[in-house]
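The structure displayed is predicted, hence computed values, not measured ones.
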Number of protein chains: 4
Amino acid sequence: MSSSPPSRGRPRDPRSHEAIVGAVNELLAEVGYAATSIGAVAARAGVGKDTVYRRWRGKPELVFEAVFTTTDLAPTPDTGTLAGDLTALLQGLVDEFEAPAAAAALPGLLADFAADPVLRTRIRDHFLAPSKQRLAAVFERAAERGEIGSDTPVDLVLDTLAGAVFFHIGLVGESPDPQLAGRLAAVIAKGIEIR
Amino acid sequence: MSSSPPSRGRPRDPRSHEAIVGAVNELLAEVGYAATSIGAVAARAGVGKDTVYRRWRGKPELVFEAVFTTTDLAPTPDTGTLAGDLTALLQGLVDEFEAPAAAAALPGLLADFAADPVLRTRIRDHFLAPSKQRLAAVFERAAERGEIGSDTPVDLVLDTLAGAVFFHIGLVGESPDPQLAGRLAAVIAKGIEIR
Amino acid sequence: MSSSPPSRGRPRDPRSHEAIVGAVNELLAEVGYAATSIGAVAARAGVGKDTVYRRWRGKPELVFEAVFTTTDLAPTPDTGTLAGDLTALLQGLVDEFEAPAAAAALPGLLADFAADPVLRTRIRDHFLAPSKQRLAAVFERAAERGEIGSDTPVDLVLDTLAGAVFFHIGLVGESPDPQLAGRLAAVIAKGIEIR
Amino acid sequence: MSSSPPSRGRPRDPRSHEAIVGAVNELLAEVGYAATSIGAVAARAGVGKDTVYRRWRGKPELVFEAVFTTTDLAPTPDTGTLAGDLTALLQGLVDEFEAPAAAAALPGLLADFAADPVLRTRIRDHFLAPSKQRLAAVFERAAERGEIGSDTPVDLVLDTLAGAVFFHIGLVGESPDPQLAGRLAAVIAKGIEIR
DNA sequence: CTTTAAGCGAGACGGTACGTCCCGTCTTCTT
DNA sequence: AAGAAGACGGGACGTACCGTCTCGCTTAAAG
């Protein structure tokens, strides 16, 4: 029963939303996260600052939505083996993090989220949630096949995978080892398999 | 035979150095990384801002040195098994990251390092170097025992371990799973062992 | 028909302007010109520094406007004699320079104006312009009465009068000879009269 | 009988004194009074800052001595007429003020002297004293010749002359009217003559 | 002929002010 | 009511000087 607000007065212009999101992505790639100020975003988007603050609470939320909203759509991989599924999942993470705007935004974004108690609680829920969901499905099928136990810790593995990818892409910055996903998946898959 | 510079003029007062480092650690724990401004550090240390800038190029370098300089001294673990050595190594990482000042500083510090091309190259060299050295020694002994191959990728494993710990402590923020080191070590050790 | 600019955005608050000007006058009288920093002015006025810099380029312009804007309104004296007119004019200069804020500001203000090539050209135009205009009118009437020639050099006399007053008030600092205006006017009037 | 101090320890090197004075004059002409900092002077002179502070109390005293010490030597003019003597005296003032270092220093120097109660009292005594002495001698002879009364106010005339020259040279900055001395002397002489 | 004291170049020291940038809020007019 | 514009109070930035201090060294007079 989502009651939409009464909606009096002038409705929000959806073109502003798009212009802002576009400006954020451009600025992230051009000047980095720190220099992507709300004022600069608004100016680039041809929009007033209030129009930004009316839609987002601050820079972290704005950047997060601008950068990480196209990714929830990937299908859960189903290659028939745990290692294969993990490789596919990881490759998705790598691709997502490797986009110029995302790579530029990630470290600063995580820092801002970590610094705010309110935002910190949302990291798992909103930042890694889609990946976690897919990882859980992968584990479920692997457990059915008998490759792993049914109590394999999803969070531990997810943190491990995400942390490894983050360290490679966010902090080293070079175009990463193209085999990163496969090699990492192999180690983890072997590490959690039964026997 | 390192020839120290001729050292003309008044030498720098080591008490200033200590006072600054102490102020940084206090402020990190009290107000966090973002609010730990150079000006606040100088005021807390009873020191002029120039005295800070004379010794460090900026906040990232200052905080890094203030927080992560006591750690290079840990001995390389030698428990007789790969899993045991990894657990000990990881526990060191966890302990290091878990200190209040370190936990408060880590995400912002990594973001600032990642944003600066010059600093980014130093991350591996100075931030993870001691851990990498110890990990390599652990791998060497494990290879001699026949537990792993001699070509086991140190960097991949180090990123994986550090990333996992960082994600747990820096981003979740709660007092982490006390068994984190052991569980993670078990997975990785099994993942890289021969057979 | 001065067409004011389109005036988009929030207009500047005239109360800020008044608060700043008031703070400048208070600080000049209390701590002098050198210690009247922009930061102190802003703090005293309860205003951000940008609000000051948005209106004035720097301290000299700010102080000049704060101190010397009430004076353009004096009427041109017309006592019937050159000496009388000069006395009245000089008394106006003395009164203007003698105000606590003005006396405190004058030497430093002239120094800052003199040091900047751009500002230096404005001294005559904006600082002495009203006085020059009145002096020219006085000379014109005196020439019509036959007291002086029509080619009497206005600038020379103006510099002489202003310089004398400045030296007395700005540099000696004591409450000056109350007869200064009259005695100086007598000398100058006699010096430029025909015969 | 001024007893020179016992003079123990190493005597002051007179070459430092000369180097400092030379550096002040160079810097005044090159970068102006405001930018002629004690630190810059010391660096230019190849001298430590303390060596400057040991000899002078601060910038105003230093600059004053560096710029206005060669002038006390001019002889008192004696042309036979008041106007002639005044012209010669004024030309001396003009020449003194017109020197690049002096013209650059004057406004700021007067401002600093005026701002300090201690220094302010010295202005007449040390800054204008030589000129005042000569002017008094000129007046005495003119009174003996019957050109002026014996009660002609020396200070008033001196302020008037100095103020006019200062305003012309210090504030306008252009190379001044070469006839300034003569024209101004004519006006003043006529203004104070009997009849 | 050594002590002692001051001068000296260098530069670190605690402060203060600079002028700029960005924050998130507010106030105007326009749509 | 939303929007573009931009002013607002606040605070941090990194730099430049201030006038004092602390080094190691040099230079002379005093003991």
Worksheet item: Looking only at atom types and distance, does a side-chain atom of B/N25 sit under 3.5 Å from a main-chain N or O of B/V21, one as donor and one as acceptor?
Response: yes
Item to complete: Indicate yes or no: at least one non-hydrogen side-chain atom of D/I20 is less than 4.5 angstrom from one of D/L62.
Response: yes
Discussion item. Going by side chain to side chain contact (heavy atoms under 4.5 Å, CB included), A/V41 matches just one of A/V63, A/V47, A/L28, A/T36. Which one?
Written reply: A/T36
Practice prompt. Could you check which residues of residues 39-61 of chain D get a heavy atom under 4.0 Å from DNA chain F? Sort them by number, please.
Written response: D/G39, D/K49, D/D50, D/Y53
Fill in: DNA chain E-proximal residues of residues 26-36 of chain B, any heavy atom under 4.0 Å
none
Worksheet entry | Closest non-hydrogen atom pair between D/P60 and D/D112, with its separation | CG-CB, 3.6 Å
Worksheet item: If you look at every heavy atom in A/E65 and A/H17, which pair is closest and at what distance?
Response: OE2-NE2, 3.4 Å
Item to complete: Under the side-chain hydrogen bond (donor to acceptor under 3.5 Å, both in side chains) rule, collect the residues that match up with A/E18, sequence neighbours excluded.
Response: none
Practice prompt. For B/V31 and B/A35, work out which heavy atoms get closest and say how close.
Written response: O-CB, 3.6 Å
Item to complete: For A/E61, check salt bridge (charged side-chain N to carboxylate O under 4.0 Å, His left out) against everything at least two apart and list the hits.
Response: none
Practice prompt. Report yes if at least one side-chain N or O of A/S37 is closer than 4.0 Å to OP1 or OP2 of E/dC23; otherwise report no.
Written response: yes
Worksheet entry | C/D13: side-chain hydrogen bond (donor to acceptor under 3.5 Å, both in side chains) partners, not counting sequence neighbours | C/R15
Worksheet item: B/L62 has an atom CG; how far is it from atom P of F/dA12, in whole Å?
Response: 16 Å
Discussion item. Among residues 9-21 of chain C, which ones have heavy-atom contacts with DNA chain E below 4.0 Å?
Written reply: C/G9, C/R10, C/P11
Practice prompt. Figure out the CD1/P separation between A/I38 and F/dG6, and round it to whole Å.
Written response: 18 Å
Worksheet item: Between D/R120 and D/A114, is there a donor-acceptor pair closer than 3.5 Å when you use the side chain of the first and the backbone of the second?
Response: yes
